Amino acid sequence: MTTGLQITTPTDTTIVLTRSFKTTRRFLWEAMTSPDKMKRWMLPPPGLTLAVCEVEPRVGGTLKLAWKSAEADPAMTLHGEWTEFAPHDRMVHTETMTLGTGQPLVSLVETHEFTEAGGATQMRITQTYKSREDRDGALAGGMDEGMEACYRQLDAVVAR
Amino acid sequence: MVSVDRSPRLDLVFHALAHPARRAIVRQLSLGERNLSELASPLKMTFPAATKHVRVLEGAKLVRRRIVGREHLCRLLPEPLKEAMMWTGSFREHWEARFAVLDSVLDEMAVEAQSRSKRKTP
């Protein structure tokens with residue numbers, strides 16, 4: 001059985017995601033590091049499609065991802081580097097997200113840890129941001145137009 | 001996931017909730033209006049200390065205080081809390097969706113591996 005996603009914020013600059021998968025560490029590791037698999041599960045933000053996904057899975061290897069929209073190619077890029085790479089166990093990479101216009105969005109360090117027990121593998125992702133503001137910004141993200149419409153409605157309610 | 005949306009109002013809410021005493025006050029107030037000494041006593045806190053925390057909550061518009069005679073009555077304002085929950089909720093939804101796809105990618109990998117091993121051992 002897979003167990004639900006747990007999200008915690010143990011410090012002002014971190015977000016920890018923990019999720020269990022009904023698979024082996026080897027399979028999960030492969031799904032997290034091979035471009036053909038990453039392209040499938042890394043769902044893009046609304047309105048964007050993943051156009052580039054190049055990864056060199058090794059210490060010192062780079063990650064290069066780019067998304068495009070109807071208006072811009074690239075609309076957004078992610079560049080990073082693996083600083084730790086211990087297959088099936090633990091990996092750490094940096095990542096910097098930038099808008100197509102060159103405007104930097106956010107930089108963070110992401111650590112993945114894998115623990116296999118009882119036919120399932122637990123993955124723990126720790127995202128470490130440069131500041132609390134960046135961390136809260138990431139928590140604030142992921143909203144689509146529907147959510148934005150919701151916020152506008154809420155603004156109207158609050159202002160009343 | 002990556003849109004950086006600055007919201008000073010939410011910064012205030014998250015800051016206000018980043019203290020156990022203030023979260024305890026919010027929990028108490030979720031049951032109804034309370035005066036300052038009712039809020040202070042279960043926290044084993046002095047009146048001025050409780051007042052300080054209530055002020056932070058007021059600053060985030062999580063609490064409204066009204067003075068009736070010598071009593072300071074505090075009431076919870078739910079809107080900023082709802083908003084804060086929506087923000088974290090969207091982050092969660094995004095990752096839940098990703099991991100749901102990852103589940104099916106992993107299922108396919110298992111099926112492929114099985115059929116490969118079957119081919120090897122006729």
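Chain letters run A, B, ... following the sequence lines, proteins first and then strands; every chain starts at 1. Note that the coordinates shown come from a computational prediction; the quantities given were computed from them, not determined experimentally.
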Atom [atom1] of [X] and atom [atom2] of [Y]: how far apart are they, to the nearest 0.5 Å?
X         : Y         : atom1 : atom2 : answer
Arg135(A) : Phe14(B)  : CZ    : CZ    : 7.5 Å
Lys37(A)  : Glu108(B) : NZ    : CD    : 8.5 Å
Phe27(A)  : Asp107(B) : CZ    : CG    : 11.0 Å
Met42(A)  : Leu102(B) : CE    : CG    : 11.0 Å

Tell me if the [atom1] atom of [X] is crowded by more than 12 foreign heavy atoms within 6.0 Å.
X        : atom1 : answer
Arg64(B) : CZ    : no
Arg26(A) : CZ    : no
Glu56(A) : CD    : yes

Taking every heavy-atom pair that is under 4.5 Å apart, which of Asp12(A), Thr24(A), Leu28(A) has the most such pairs with chain B?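 That would be Leu28(A).
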Derivation and outcome, side-chain contact (heavy atoms from CB on, under 4.5 Å), residues Arg132(A) and Asp11(B): CA-CA 9 Å; Arg132(A) 186 196 170 120; Asp11(B) 291 351; over 6 Å; no
Considering only Ile, Leu, Val, Met, Phe, Trp and Tyr, and joining two whenever side-chain heavy atoms are under 4.5 Å apart, list the other residues clustered with Leu73(B).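 Reading the cluster by chain and number, Leu73(B) sits alongside Val68(B).
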With hydrophobic residues grouped by side-chain heavy-atom distances under 4.5 Å, do [X] and [Y] end up in a single group?
X         : Y         : result
Met109(B) : Val101(B) : yes
Leu43(B)  : Leu39(B)  : yes
Leu43(A)  : Met32(A)  : yes
Leu63(A)  : Val109(A) : no
Leu99(A)  : Met97(A)  : yes

Sort Ala100(B) into side chain, backbone, both or neither according to what part of it lies under 4.5 angstrom from a heavy atom of chain A.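 The backbone, not the side chain.
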For Asp103(B), which of Arg40(A), Arg19(A), Lys22(A) qualifies under salt bridge (charged side-chain N to carboxylate O under 4.0 Å, His left out)?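 Passing option: Arg19(A).
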Ring-plane angle category for Trp95(B) and Trp41(A), please: parallel below 30°, perpendicular beyond 60°, tilted otherwise.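 Aromatic pair Trp95(B)/Trp41(A) classed tilted.
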Can you tell which part of [X] gets under 4.5 Å to a heavy atom of chain B, answering side chain, backbone, both or neither?
X         : value
Met38(A)  : neither
Ile15(A)  : side chain
Ile125(A) : side chain

Which residue in the set Leu17(A), Leu139(A), Ile7(A) passes side-chain contact (heavy atoms from CB on, under 4.5 Å) when paired with Arg92(B)?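 Option passing the side-chain contact (heavy atoms from CB on, under 4.5 Å) with Arg92(B): Ile7(A).
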